[in-house]
Amino acid sequence: MSEVKLSKVETIKEESQALRGNVAAEMADENPYVSDASYELLKFHGSYQGYNRDTATERKKAGLEKEWEFMLRMKCPAGKLTAKQYLALEVIAKNYANDTLRITTRQTFQFHCIIKENLKKHIKAINELMITTLGGCGDVVRNVMCTAAPYKDAKHQKLMEDTFKVNDYTMPKTKAFDALWINDDGDVTQASKDEEEDLYGKTYLPRKFKIGLATPEDNSIDVLTHDLGIVLIYEGDELLGYNLYLGGGLGMTHNKAATYPRIASPIAFVEPENLLKGVKAVVELQRDHGDRTNRKHARLKYVVEENGIDWTKETFANYYDGTYHEAKPVEKFEVADHMGWHQQGDGKWFLGIVVDSGRIEDNENYTIKTALHDIIAKYEMDIRLTADQNIILCDIDEADKGDIEATLKQHGVVLREDMSDAHRFFLACVAMPTCGKALAEAERVAVPMIKQFEALMEKHGVEKDKIAIRVTGCPNGCARPFVGDIGIVGRTPDHYALYIGGDFEGTRLNTKIFDRVPYDHLKDVFDPMFARYASQKQEQEGFGDFAKRIGPEVLAKEVEALLGDEHKWAKAV
Ligand code: SRM
Ligand code: SF4
């Protein structure tokens, strides 16, 4: 039998002494960058090395080194932060990064443009706030998500409690993080015996692993796009237990059929006291069965899809220390809107504020960073970051609502009730200039794109319809474009593949209709589609459901017939 050739990263992990490698020495050397091995290990500590893509070509021509910089991602289970933490993170972003906080699609903050000599200071400063970046990235369980709404009822409290429980249980045990970044007397080259990773093992997982928790009434985290989606099943007020959905994931490569997005499948049900046993079984299943030879084929979704549902159930049952039960039927998922004002249930209010692409900065559109700073410094409220890159201010007294609204308006921040749904539900990933994978722009074209969609929807009288539009700079799917009503996915500079027919509730994948639409022609595709939607939609039917009913390919062919003679790109796929 030929020997299995593991991917390079497997050897790097194996030889790393529990994620230490040569990171300490390289952090201290004169280079503005690190080696390939340290690049891989740094991910586990929460950081990606990249470079400024806007300046790279010019600098190369001029014989200059790239502008190397590091991105840093915190862990922030359930998106929960205190005012004190928020205000301190603002200062850290100013001191060591590009003075912006970037809310991610997984409810945490990223910092961009950190130079190497500031990385250690940055991580240490975050750690002083009792926040870690360990496991922000890397082949471990990533930030654990749940619905961010801070309702003060038993169900939401339980959701939050469970999220923290799963997060704590899946944290890596390595002391490398403390040794490298926090304590000056830790061992930066050798792991000790008590650092053994009982859950992960020496080579951790084959790939990143994502866990999210939700209820059927509020799937605002797209729970079925997770490697492990955990859905709380209630009968009235009684928690019966948890459905475990396995094998969700969105990343793919354009025109490589072996890679694909996938919605997670219901595999098992576990009783309330067995949640962690269920999590353990799923993580171990992926640890032992995920493909360690090919990182493009290493996620749990490929294990589930290729071995089948029966195999997955049986294998889960073998790992699970308890009696196996089939998942309970769930009729439908819904998405609740947590933006705007809501009563918490304890006499206080929370306010959800839409942050364009999650980027908290003062810019020509609004001065949201100053507005949030002033409000949070004055009222010292708790904060929740949401899975759609927005922020929730909690625990607000009725009497303070007016002042808070006035501050936001004064800084040009549009409140939910004054905002179109196209704007409200728009997601854009980071993309250029920091993301090394971006094929086209996303965050930087989000605001003009929203305006285009608003104008089109208004033209056809569907501006009040909830439509989730999601744009990414490449098919890795970081803004979850394959589960929105409309997915716009970077293909080449200024060109996007288009997807329609997913549902607003995040339970159905959409379908590709065009491969390479120039940015300037996006409106030409959606103009006729919205016209037909406006005239033929059924009551309460979203655009994604409409597209699915008529057939994405039918709608695409109509656009092709309309534009095809004039435009080469207008060829339905
Ligand atoms: Fe992502 C890689 C940004 C959520 C799928 N993602 C990246 C990197 C690190 C680029 C890289 O590998 O060099 C991006 C950093 C860009 C930058 O400059 O900051 C990046 N991903 C993001 C964020 C910040 C997007 C955002 O605009 O908010 C999100 C951070 C989440 C977090 O806080 O942990 C983010 N990424 C997602 C999601 C959505 C989710 O998890 O709910 C997905 C799709 C779900 C999934 O995992 O399948 C996602 N990111 C990927 C992939 C594809 C993985 C795959 O299985 O093929 C990559 C590429 C990779 O891992 O090789 C990737
Ligand atoms: Fe980068 Fe692609 Fe993710 Fe966008 S979707 S942040 S371009 S990896």
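In this chain, numbering begins with 1 at the start of the sequence shown. As the structure lists them, so they are numbered: ligands from 1, and atoms in each ligand from 1.
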Correct closest heavy-atom pair for Cys474 and Ala438 would be CB-CA, 4.5 Å
Using heavy atoms and a threshold below 4.0 Å, how should the contact between Cys137 and ligand 1 be classified: side chain, backbone, both, or neither?
neither
Between Cys474, Gly473, Ala440, which one has a non-hydrogen atom sitting closest to atom 2 (Fe) of ligand 2?
Cys474
Show the nearest heavy-atom pair for residues Thr100 and Phe111, with the distance to one decimal.
O-CD2, 4.5 Å
So, for Glu67 and Thr55, which heavy atoms are closest and what is the spacing to 0.1 Å?
OE1-OG1, 2.6 Å
Nearest option to atom 1 (Fe) of ligand 1, as decided by whichever heavy atom of Cys478, Gly473, Gly477 sits closest
Cys478
Using 4.0 Å as the upper bound for N to carboxylate O, is an ion pair formed by Asp421 and Arg416?
yes
Thinking salt bridges, do Asp388 and Arg424 make one under a 4.0 Å N-O criterion?
yes
If you define the side chain from C-beta out and look only at heavy atoms, does anything of Asn127 sit under 4.5 Å from Phe177?
yes
Name the closest protein heavy atom to atom 3 (C) of ligand 1, giving the residue it belongs to and the distance to 0.1 Å.
Arg73 NH2, 3.6 Å
Any heavy atom of Gln107 under 4.0 Å from ligand 1? The part involved is neither
Location of contacts on Arg142 toward ligand 1, heavy atoms closer than 4.0 Å:
neither
Is Asn143 in polar range of ligand 1, meaning some N or O pair under 3.5 Å apart?
no
Is Tyr519 close to Val445 at the side-chain level, that is, under 4.5 Å between some pair of heavy atoms?
yes
Nearest-contact summary for atom 5 (C) of ligand 1 - protein heavy atom, Å:
Asn476 O, 3.2 Å
Quick one: do Arg59 and Glu65 make a salt bridge, cutoff under 4.0 Å?
no
List ligand 1 atoms under 4.0 Å from Cys429, heavy atoms only on the residue side.
27 (O)
Identify which of Thr104, Thr105, Thr259 has a heavy atom lying nearest to atom 4 (C) of ligand 1.
Thr105
Looking only at heavy atoms, is any part of Cys478 under 4.0 Å from ligand 2, and if so is it the side chain, the backbone, or both, or is it neither?
both
Between Asp222 and Arg470, does at least one N-O distance fall below 4.0 Å, as a salt bridge requires?
yes
With atoms numbered from 1 as shown, which atoms in ligand 1 lie under 4.0 angstrom from a non-hydrogen atom of Gln389?
26 (C), 27 (O), 28 (O)
Which residue supplies the protein heavy atom nearest to atom 4 (Fe) of ligand 2, what is that atom called, and how far is it?
Cys429 SG, 2.3 Å
Cys435 near atom 1 (Fe) of ligand 2 via N/O/S, less than 2.8 Å:
yes
Assess Gly212 for proximity to ligand 1: is some non-hydrogen atom of it under 4.0 Å away?
no
Is Thr108 touching ligand 1 with its side chain, its backbone, both, or neither, if touching means heavy atoms under 4.0 Å apart?
side chain
Please classify the Lys208 to ligand 1 contact at 4.0 Å (heavy-atom distances, strictly less than): side chain, backbone, both or neither.
side chain
Give the atoms of ligand 2, by number and element, whose distance to some non-hydrogen atom of Lys437 is under 4.0 Å.
8 (S)
May I ask you to check whether Thr434 has an N/O atom sitting below 3.5 Å from an N/O atom of ligand 1?
yes
Side chain or backbone, does Met71 bring an N or O within less than 3.5 Å of an N or O on ligand 1?
no
Using a 4.0 Å heavy-atom cut-off, which part of Glu443 comes near ligand 1: side chain, backbone, both, or neither?
neither
Nearest heavy atom to atom 62 (O) of ligand 1, choosing from Glu69, Lys437, Arg207, belongs to Arg207
Hey, is Lys8 close enough to Asp36 for a salt bridge, meaning N to O under 4.0 Å?
no
Thinking salt bridges, do Glu10 and Lys13 make one under a 4.0 Å N-O criterion?
yes
Does Arg480, backbone or side chain, put an N or O under 3.5 Å from an N or O of ligand 1?
yes
Between His521 and Trp569, what is the ring plane arrangement, given parallel below 30°, perpendicular above 60°, and tilted in between?
tilted
Strictly below 4.0 Å, N to O, side chains only: are Lys512 and Asp515 in salt-bridge contact?
yes
Could you tell me whether Arg299 and Asp227 make a salt bridge, using a distance below 4.0 angstrom between a side-chain N and a carboxylate O?
yes
I'd like to know if atom 29 (C) of ligand 1 has any protein heavy atom within a distance of less than 4.0 Å.
yes
Look at atom 10 (C) of ligand 1 and say which protein heavy atom is nearest, naming residue and atom and giving the distance to 0.1 Å.
Cys435 SG, 3.7 Å
Looking only at non-hydrogen atoms, which of Ala438, Gly477, Gly50 approaches atom 7 (S) of ligand 2 most closely?
Ala438
In terms of residue, atom name and distance, what is the protein heavy atom nearest to atom 48 (O) of ligand 1?
Leu250 N, 2.6 Å
Ala428 heavy atoms, cut-off 4.0 Å: which ligand 1 atoms fall inside?
27 (O)
State if His112 counts as touching ligand 1 under the rule of any non-hydrogen atom under 4.0 Å.
yes
Lys/Arg-Asp/Glu bridge criterion (N-O < 4.0 Å) met for Lys202, Glu197:
no
Quick test of your reading of the structure: of Arg106, Lys210, Arg299, whose heavy atom lies closest to atom 38 (C) of ligand 1?
Lys210
Answer yes or no: is there an ion pair linking Lys124 with Glu128, defined by an N-O contact shorter than 4.0 Å?
no
Please verify the inter-ring angle class for Phe504 with Phe425; under 30° counts as parallel, over 60° as perpendicular, anything in between as tilted.
perpendicular
Which residue owns the protein heavy atom closest to atom 57 (O) of ligand 1, what's the atom, and how far is it?
Gly251 CA, 3.5 Å
For His226, which part has a heavy atom under 4.0 Å from ligand 1: side chain, backbone, both, or neither?
neither
So the atoms of ligand 1 within less than 4.0 Å of a heavy atom of Gln110 turn out to be 17 (C), 19 (O), 24 (C), 30 (C)
Looking at ligand 2, would Ala431 count as a contact under a 4.0 Å heavy-atom criterion?
yes
Inspect the contact between Asp139 and Arg287 and indicate whether a charged nitrogen and a carboxylate oxygen are less than 4.0 angstrom apart.
no
Should the pair Lys116-Glu26 be classified as a salt bridge under the 4.0 Å nitrogen-to-oxygen rule?
no
Looking at atom 9 (C) of ligand 1, what's its closest protein heavy atom, distance included?
Tyr48 CZ, 3.4 Å
I'd like to check which ligand 1 atoms, numbered from 1 as shown, lie under 4.0 Å from a non-hydrogen atom of Val430.
17 (C), 18 (O), 19 (O), 24 (C), 27 (O)
Backbone or side chain, does any N or O of Gly249 fall under 3.5 Å from an N or O of ligand 1?
no
Interfacing atoms of ligand 1 (cut-off 4.0 Å, heavy-atom, Arg102):
26 (C), 27 (O), 28 (O)
Within the 3.5 Å criterion, strictly below it, is a donor on Arg359 or His112 matched to an acceptor on the partner's side chain?
yes
Classify the ring geometry between Trp68 and Tyr33 as parallel (under 30°), tilted (30 to 60°) or perpendicular (over 60°).
tilted
